[in-house]
Colleague: 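Before I ask anything, here is the structure I am working with.
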Amino acid sequence: MTATDLVMRPLGGARVLVAAGAPDDSASLTAVLRLNGFDAREARSADAVISSVAEIRPSVLVTDLDLTDGDGCEFVRRVRRLPKAPAVVVVTGHTAGSVRRAALAAGAAAFLLKPADPIELAQVVERLSGGRD
């Protein structure tokens, strides 16, 4: 259970997994998604994401490229190779065009810069989830 779980329970919409190494980033992205009706959960490491994807079957993964335990683009490739892989949305502070191209080439469906606009984030996640649970 995370601090976000204590304040704001998941609402039961499309399942979304949030993976950000920084606790504040993870909590704020999760809260924004929950406020927009998504069943958002948190994971703080690449290994935690991999096991959570198998357990909760999210339709979308929102991730930073700077997880504490690995290369961000390789992580995106690893997630996309999983059975029933979620769509991946990268939310990062990396502004270089080469980083954007690398993330998209690795399999990310969307790339947003921090601080991500909450409305844009919710719209992207809604589009990618297709309203599925």
Side-chain angles (χ1 to χ4, degrees):
M1 177 173 285
T2 66
T4 308
D5 292 331
L6 296 174
V7 176
M8 188 179 308
R9 295 257 180 239
L11 296 175
R15 284 183 293 272
V16 181
L17 185 60
V18 175
D24 289 345
D25 290 349
S26 183
S28 63
L29 289 169
T30 302
V32 162
L33 291 167
R34 287 181 181 176
L35 285 170
N36 282 278
F38 297 101
D39 179 358
R41 311 289 173 103
E42 296 178 67
R44 300 263 171 80
S45 70
D47 289 337
V49 168
I50 299 302
S51 63
S52 293
V53 165
E55 181 183 326
I56 67 170
R57 297 257 186 248
S59 54
V60 178
L61 167 65
V62 176
T63 186
D64 192 347
L65 293 177
D66 293 328
L67 289 178
T68 58
D69 55 353
D71 171 83
C73 289
E74 180 52 39
F75 170 67
V76 172
R77 280 189 284 278
R78 185 175 167 200
V79 168
R80 294 299 299 149
R81 287 191 300 262
L82 294 171
K84 297 186 181 179
V88 177
V89 177
V90 171
V91 178
T92 187
H94 294 286
T95 60
S98 60
V99 173
R100 178 186 191 90
R101 287 187 297 278
L104 294 172
F111 186 95
L112 302 174
L113 290 175
K114 289 181 182 179
D117 176 82
I119 294 170
E120 182 182 15
L121 176 62
Q123 289 172 339
V124 167
V125 170
E126 179 65 27
R127 176 177 52 83
L128 293 173
S129 71
R132 57 188 163 133
D133 293 343

Colleague: Could you walk me through whether Lys114 and Val91 pass side chain to side chain contact (heavy atoms under 4.5 Å, CB included), step by step?
Modeller: CA-CA 6 Å; Lys114 289 181 182 179; Val91 178; 3.8 Å; yes
Colleague: Which pair of non-hydrogen atoms, one from Val76 and one from Gly107, has the smallest distance, and what is that distance?
Modeller: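 Distance-wise, the nearest heavy atoms are CG1-C, 3.9 Å.
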Colleague: Yes or no on side chain to side chain contact (heavy atoms under 4.5 Å, CB included) for Thr63 and Val49, after CA distance, side-chain angles and deciding distance?
Modeller: CA-CA 10 Å; Thr63 186; Val49 168; 5.9 Å; no
Colleague: For the pair Phe75 and Leu61, evaluate side chain to side chain contact (heavy atoms under 4.5 Å, CB included) and give the outcome as yes or no after the intermediate values.
Modeller: CA-CA 12 Å; Phe75 170 67; Leu61 167 65; 4.1 Å; yes
Colleague: Going by heavy atoms in the side chains, are Pro58 and Arg41 under 4.5 Å from each other?
Modeller: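 Not touching, per the 4.5 Å side-chain cut-off.
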Colleague: Quick test of your reading of the model: are Asp71 and Arg78 salt-bridged, counting only N-O distances below 4.0 Å?
Modeller: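 Between Arg78 and Asp71 there is no salt bridge, as every charged N stays at least 4.0 Å from the carboxylate O atoms.
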Colleague: Which heavy atom of Ser129 sits nearest a heavy atom of Ser59, and at what distance?
Modeller: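 So the two residues come closest at CB-OG, 3.3 Å.
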Colleague: For Asp117 and Glu120, which heavy atoms make the closest approach, and how far apart are they?
Modeller: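 Result for this residue pair: OD2-N, 2.8 Å.
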Colleague: Please report the shortest heavy-atom distance between Pro83 and Arg57, naming the atom on each side.
Modeller: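 That would be O-NH1, 3.8 Å.
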Colleague: Among Leu33, Leu17, Leu112, find the one that has a side chain to side chain contact (heavy atoms under 4.5 Å, CB included) with Val62.
Modeller: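 So the option named by the test is Leu33.
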Colleague: How close do Val89 and Val124 get, counting heavy atoms only, and between which atoms?
Modeller: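 Result for this residue pair: CG2-CG1, 3.8 Å.
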Colleague: Which pairs count as salt bridge (Lys or Arg N to Asp or Glu O under 4.0 Å) when at least one residue sits in residues 80-104, sequence neighbours excluded?
Modeller: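 Non-adjacent pairs meeting salt bridge (Lys or Arg N to Asp or Glu O under 4.0 Å): Glu74-Arg81.
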Colleague: For Phe111 versus Ala103, what's the shortest heavy-atom pair and its separation?
Modeller: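 Taking every non-hydrogen atom into account, CD1-CB, 3.9 Å.
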Colleague: Find the distance between CG (Asp39) and CZ (Arg34) and round it off to the nearest 0.5 Å.
Modeller: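 Answer rounded to 0.5 Å: 7.5 Å.
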Colleague: Donor-acceptor check, side chain of Arg77 to backbone of Ala106, threshold 3.5 angstrom: yes or no?
Modeller: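 A pair under 3.5 Å: no.
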Colleague: Rounded to the nearest 0.5 Å, what's the gap from CG on Leu128 to CD on Glu126? Could you check?
Modeller: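 The CG atom of Leu128 sits 9.5 Å away from the CD atom of Glu126.
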